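The analysis underlying the following values was restricted to heavy atoms, covering all of them including side chains, and did not include hydrogens, waters or symmetry mates. Just so it is clear, the model here is predicted, and its values are computed rather than measured.
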Amino acid sequence: MSFSAAYSVCVVAKDAAGIAGNIFAFGLFVSPIPTFRRIIRNGSTEMFSGLPYIYSLMNCLICMWYGMPLVSSDNLLVTTVNSIGAVFQFVYIIIFLVHAEKSKKVRMFGLLLAVIGIFLIILFGSLQVTDSQTRRFLVGFLSCASLISMFASPLFIIKLVIQTKSVEFMPFYLSLSTFLMSTSFLVYGLLNEDPFIYVPNGIGTVLGIVQLVLYFYYESKSREESREPLIVSYA
């Protein structure tokens, strides 16, 4: 196989992995819909926290900017997935603000303004860097740190599953979507030789595998326990 043919195959494989990552990410973006249906139905945010959507919005905005041609010219699929993600998170935050009690509403609105302010600082600050490679490194470092912090958030759920020996708080399809999305962008980043993409998604892939292993382990264990015959004793 000639070099040009091998390069073409690599480009096609990279794009295929990026498109797959976009598709699997959509599963993550729509996963909170049942929660927000309940919020709208009850007219209250109850005990739900809006912080995950604030963090996700920040992550999507930074990663979206990293994928823009002004920062990196070869990461369009990173921009598309994070643009869609930012829209979803913004809609979730607005719904949360509408139905939250006053104290939560003020806090969430303040955090939303902080996220927008920080993103604008990153955006305009990076544009002041004239060297394109330095700009890519700075924004890439921030997007990598943001992704790693987002992928690290399931550690609390993993700890909870181990403590309770129950997968009640770790939905299977959410864990599967996380694993598939991370793996897709891990491959995408490797083929694109972009450590700012493959490093955090490599971590996300490992954590996704851990979640799936724990899910099948405790799910099968609970099934075995439910099949155990009841021993009835008579006094």
Task: Test side chain to side chain donor-acceptor pair (under 3.5 Å) applied to T130 - qualifying residues, sequence neighbours left out - done: none
Open item on the list: I'd like to check C63 versus L147 (side-chain heavy atoms, cut-off strictly below 4.5 Å). Are they in contact?
Closed with: yes
Task: Side-chain (N75) to main-chain (V78) donor-acceptor, under 3.5 angstrom - done: no
Open item on the list: Applying a strict under-4.5 Å side-chain criterion to I, L, V, M, F, W and Y, I'd like to know whether V187 and L212 cluster together.
Closed with: no
Task: Of F48, F36, F29, Y55, the residue whose pairing with Y92 passes ring-ring contact (aromatic ring centres under 6.0 Å, His included) - done: F36
Open item on the list: In this structure, would I116 and V106 fall into the same cluster of hydrophobic residues linked by side-chain contacts under 4.5 Å?
Closed with: no
Task: Backbone of Y53 reached by a side-chain donor or acceptor of S56 within 3.5 Å - done: no
TODO: Evaluate the side-chain proximity of L57 to L112: yes if any heavy-atom separation is below 4.5 Å, no if none is.
DONE: yes
Open item on the list: Centroid separation under 6.0 Å, is that true for the rings of F26 and F88?
Closed with: yes
TODO: With rounding to the nearest 0.5 Å, note down the distance linking CE in M58 to CG in L142.
DONE: 9.5 Å
Task: Over all atoms of both residues, closest heavy-atom pair of I93 and M108 - done: CG2-CE, 4.0 Å
TODO: Ignoring hydrogens and angles, tell me if any N or O in the side chain of E193 forms a donor-acceptor pair with the backbone of G189 under 3.5 Å.
DONE: no
Open item on the list: Tell me if a side-chain donor or acceptor on S31 pairs with a main-chain N or O of L28 at a distance below 3.5 Å.
Closed with: yes
Open item on the list: Can you tell whether the side chains of D194 and K14 come within less than 4.0 Å, N to carboxylate O?
Closed with: no
Task: T45 side chain near E101 side chain, heavy-atom distance below 4.5 Å - done: no
Open item on the list: Would a single hydrophobic cluster contain both F124 and W65, if residues Ile, Leu, Val, Met, Phe, Trp and Tyr are joined by side-chain heavy-atom contacts under 4.5 Å?
Closed with: yes
Task: From CD1 (I54) to CZ (F96), nearest 0.5 Å - done: 9.0 Å
Open item on the list: How close do L97 and F109 get, counting heavy atoms only, and between which atoms?
Closed with: CD2-N, 3.6 Å
Open item on the list: Tell me whether S143 contacts the main-chain N or O of I62 through its side chain, where contact means a donor paired with an acceptor under 3.5 Å.
Closed with: no
Task: Steps toward side-chain contact (heavy atoms from CB on, under 4.5 Å) verdict (L51, L111) - done: CA-CA 9 Å; L51 290 178; L111 289 172; 3.4 Å; yes
Task: Interatomic spacing from CG in L180 to CZ in F185 - rounded to 0.5 Å - done: 12.5 Å
Task: Gap separating the OG1 atom of T79 from the CG atom of N22, nearest 0.5 angstrom - done: 10.0 Å
- [ ] Measure the CG-CZ distance between L207 and F179 for me, rounded to the nearest 0.5 Å.
- [x] 12.0 Å
Open item on the list: Nearest 0.5 angstrom please: M181 CE to N201 CG, how far?
Closed with: 6.0 Å
Task: Single-linkage hydrophobic cluster L76~Y198, side-chain heavy atoms < 4.5 angstrom - done: no
Open item on the list: With a sphere of 6.0 Å drawn around CZ of F172, does it hold more than 12 non-hydrogen atoms of other residues, nucleotides or ligands?
Closed with: yes
Open item on the list: Can you give me the closest heavy-atom contact between L61 and A86, atom names plus distance?
Closed with: CD2-CB, 4.1 Å
- [ ] Please lay out, stage by stage, how F24 and S177 fare under the test side-chain contact (heavy atoms from CB on, under 4.5 Å).
- [x] CA-CA 6 Å; F24 295 135; S177 296; 5.5 Å; no
TODO: Answer yes when D74 and R136 have at least one side-chain N-carboxylate O distance shorter than 4.0 Å, and no when they do not.
DONE: yes
Open item on the list: Between S175 and Y215, is there a side-chain heavy-atom distance shorter than 4.5 Å?
Closed with: no
Open item on the list: For the backbone of L70 and the side chain of R135, can you confirm whether one donor and one acceptor N or O come within less than 3.5 Å of each other?
Closed with: yes
Task: Heavy-atom check, side chain of E46 versus side chain of R38, under 4.5 Å - done: yes
- [ ] Let me know which of V199, I197, T205 forms a side chain to side chain contact (heavy atoms under 4.5 Å, CB included) with L186.
- [x] T205
Open item on the list: Are the side chains of I33 and V30 in contact, using a 4.5 Å heavy-atom criterion?
Closed with: yes
- [ ] Specify the closest pair of heavy atoms between P200 and I148, including all atoms of both residues, with the distance to one decimal.
- [x] CB-CG1, 3.8 Å
Open item on the list: If we ignore hydrogens and angles and just use 3.5 Å, is the side chain of S126 paired with the main-chain N or O of L123 as donor and acceptor?
Closed with: yes
- [ ] Considering non-hydrogen atoms only, spot the tightest contact between A100 and K105 and give its length.
- [x] O-CE, 3.2 Å
TODO: Determine, using the 4.5 Å side-chain heavy-atom cutoff (strictly less than), whether V81 and M64 are members of one ILVMFWY cluster.
DONE: yes
Open item on the list: If you count heavy atoms of other groups shown closer than 6.0 angstrom to CZ of F90, is the number above 12?
Closed with: no
